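First up is the structure itself, then whatever we jot down about it.
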Amino acid sequence: MAETSSALPIRPPVLAHPPRRRLEELDGLRGILALFVVVYHLREPLGVISGPLTRALPIVGEGWFAVDVFFVMSGFVMAYVYGSTFARKVTWAEYRAFFVARIARLYPVHLAAMLVLAIVFVPRLYGTPEVMDEAGRFSWQSGLASLLMLHSPWIDHRSWNFPSWSISAEWHAYVLFPFLVGPVLRRKAMWLTILVALCVGGVFALYWADLPPDRYPTNGLVVLARVLPLFLAGMALYPLHQTFGERFAHPALALMLAGLVLALLNVPDLAPVVVFLIPLLTLAVLNAPVLQGPLSSAPARFLGSISYSLYMTHALVMLLGYPLVWYGARLFWSEAAAHASAPFQWGVLASSILTSIVLGTLVWRFIEVPARSRVARLLAPGGPAREARSARA
């Protein structure tokens, strides 16, 4: 996911920079978009309602948009938080601390989701191509790539917890970020504007080419042509926001941008054009009170808090929960009738969305938050020794 977390990254002491205002409006937007991705994925296997729902609201089938916004927001937030740290030079201590913060932020939930899938699916599918073939979704090769968060660019098929492709792709942007942010922040507004336009223009060209197997790629090296330009555009957006972001505070402009995005996403043939509007929409969200108010509301901030865990675990509801639903229908009703019943499938979709929110909340509360600080302490210089001393105390 793109940076799909609500909280700004944990910063070990070695990273010295001034305190930053929490961008609650981006938290809220991230939470709403994470829920959008949940609906996008959970409705797909429900054939009776998926088609009519997508025809009535084509935007439901444009889940790629949410992830592209995540990539731009991640680049912006990284520049916002770490720009002063890497503005002049990159030292090993700061580079290491940056990655400690990233690992602590992303890896515990990623690993927990993989462990659940390994426990449930590997024994059940052992001996099948899904596990035994190198290209199998649950093969050890796919598992190793997923554990190292390399699976999106370096494997050409879905593997293990499929939403994690965006975290894997973004991981490659993190490798480059400390070396790029200084030169980006030193550029003048005109050159930054050109850079943003070139980045989103390149991604638009990729989408418009509609390369097989997927117009909006999630696997293979081509995915880097999607994530890296969007992340870079987000980085360039940070100094542009400081320079003329207030120009996007006008309510009419902000609402026009939001409305245009929604309108284009409801016309699938024109949907790729929306990528040009993502930087503008981000500036509007950061500056326009008419958007900041709803996005900073308590429900939106709650979704923002759990957004990363929600995004990373909702596939478990589909992969583990849907088979149980059909099994229950076979026992107590009729599986064929369940597959043909629109009211039943609407109930499945609604309950699955609710279950995903509950699961995301529990994972956020009991895995993401406590593991983040624990992993940051363990991986920081002298961490294991300090942890051992703390345990003996």
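What you see is a predicted model, and the numbers here were worked out from it, not measured in a lab.
Looking only at side-chain heavy atoms (C-beta outward), Pro163 and Val37 stay at 4.5 Å or farther from each other. Residues His172 and Tyr174 fail the side-chain proximity criterion, which asks for heavy atoms closer than 4.5 Å. Contact check for Tyr82 versus Pro178: no side-chain heavy atoms found under the 4.5 Å cut-off. Between Val77 and Arg30, some side-chain heavy-atom pair lies under the 4.5 Å cut-off.
In the hydrophobic clustering of this structure, Trp326 groups with Val120; members are Ile, Leu, Val, Met, Phe, Trp, Tyr whose side-chain heavy atoms approach within less than 4.5 Å, directly or through other members. Under a hydrophobic clustering in which Ile, Leu, Val, Met, Phe, Trp and Tyr are joined whenever their side-chain heavy atoms come within less than 4.5 Å, directly or via other members, Leu198 and Val227 fall into different clusters.
Remark: Ser142 pairs with Ser139, His157 by the side chain to side chain donor-acceptor pair (under 3.5 Å) rule, at least two apart or across chains. Residues that satisfy the ring-ring contact (aromatic ring centres under 6.0 Å, His included) test with Phe121, not counting sequence neighbours, are Phe138.
The hydrophobic cluster containing Phe332, built from Ile/Leu/Val/Met/Phe/Trp/Tyr side-chain heavy atoms closer than 4.5 Å, also comprises Tyr327, Leu331.
Residues in residues 217-229 take part in these side-chain hydrogen bond (donor to acceptor under 3.5 Å, both in side chains) pairs, two or more places apart or across chains: Asp68-Arg226, Tyr207-Arg226. Annotation: side-chain hydrogen bond (donor to acceptor under 3.5 Å, both in side chains) contacts involving residues 267-291, sequence neighbours excluded, comprise His241-Asn287. Judged as a side-chain hydrogen bond (donor to acceptor under 3.5 Å, both in side chains), not a single pair has a partner in residues 180-190 (not counting sequence neighbours).
The ring of Tyr238 has its center closer than 6.0 angstrom to the ring center of Phe76. Ring-centre distance between Phe65 and Tyr216: not below the 6.0 Å cut-off. Taking the six-membered ring for Trp and the full ring otherwise, Tyr40 and Phe36 have centroids separated by 6.0 Å or more.
Taking the six-membered ring where the residue is Trp, Tyr311 and Phe70 present perpendicular rings, their angle passing 60° and hence far from 30°. In this pair, His151 and His110 present their aromatic rings parallel. The plane angle is below 30°, not in the 30 to 60° band.
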**Asked** Would Tyr308 and Val109 satisfy side chain to side chain contact (heavy atoms under 4.5 Å, CB included), going step by step from the backbone distance to the final call?
**Response** CA-CA 8 Å; Tyr308 179 60; Val109 175; 3.8 Å; yes
**Request:** May I have the step-by-step check of side chain to side chain contact (heavy atoms under 4.5 Å, CB included) for Cys199 and Val203, ending in yes or no?
**Result:** CA-CA 6 Å; Cys199 287; Val203 175; 5.9 Å; no
**Asked** side chain to side chain contact (heavy atoms under 4.5 Å, CB included) between Leu320 and Val116: does it pass, once the steps are laid out?
**Response** CA-CA 10 Å; Leu320 306 179; Val116 171; 3.8 Å; yes
**Asked** Could you go step by step and tell me if Val67 and Phe71 meet the side chain to side chain contact (heavy atoms under 4.5 Å, CB included) rule?
**Response** CA-CA 6 Å; Val67 184; Phe71 291 146; 3.6 Å; yes
**Request:** Any chance you could lay out the ring pair (Phe, Tyr, Trp, His ring centres under 6.0 Å) test for Phe86 and Tyr95, step after step, and finish with the verdict?
**Result:** CA-CA 9 Å; Phe86 299 114; Tyr95 191 75; 7.2 Å; no
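With hydrogens and angles left out, the side-chain atoms of Glu94 and Trp92 include no donor and acceptor closer than 3.5 Å. For Arg365 and Ser309, the side-chain atoms include no donor-acceptor pair closer than 3.5 Å.
How far OG1 of Thr361 is from CH2 of Trp364: 7.5 Å, rounded to the nearest 0.5 Å. To the nearest 0.5 Å, the span separating OG on Ser168 from CH2 on Trp154 amounts to 10.0 Å. Here the CG-CG distance, from Leu260 to Leu265, works out to 9.5 Å after rounding to the nearest 0.5 Å. A distance of 13.0 Å separates CG of Leu230 from CE of Met235, quoted to the nearest 0.5 Å. Once rounded to the nearest 0.5 Å, the distance linking CD1 of Ile353 with CG of Leu35 reads 6.5 Å. Atom OG1 of Thr193 sits about 9.5 Å away from atom CG of Leu237, to the nearest 0.5 Å.
Checking side-chain atoms of Thr54 against main-chain N and O of Ser50 turns up a donor-acceptor pair under 3.5 Å. Asn161 places a side-chain N or O within donor-acceptor distance of the main-chain N or O of Met312, the cut-off being under 3.5 Å.
For the side-chain contact (heavy atoms from CB on, under 4.5 Å) test with Leu29, the passing option among Leu303, Leu291, Val69 is Val69; the others fail. Just one of Leu379, Leu147, Ile167 meets the side-chain contact (heavy atoms from CB on, under 4.5 Å) condition when paired with Tyr107; it is Leu147.
Here the closest heavy-atom approach between residue Pro45 and residue Tyr322 is recorded as CG-CE2, 3.7 Å. Annotation for Leu310 and Ser356: closest pair CD1-O, 3.3 Å, computed over non-hydrogen atoms. Taking every heavy atom of both residues into account, Pro239 and Leu192 meet most closely at CG-CD1, 3.4 Å.
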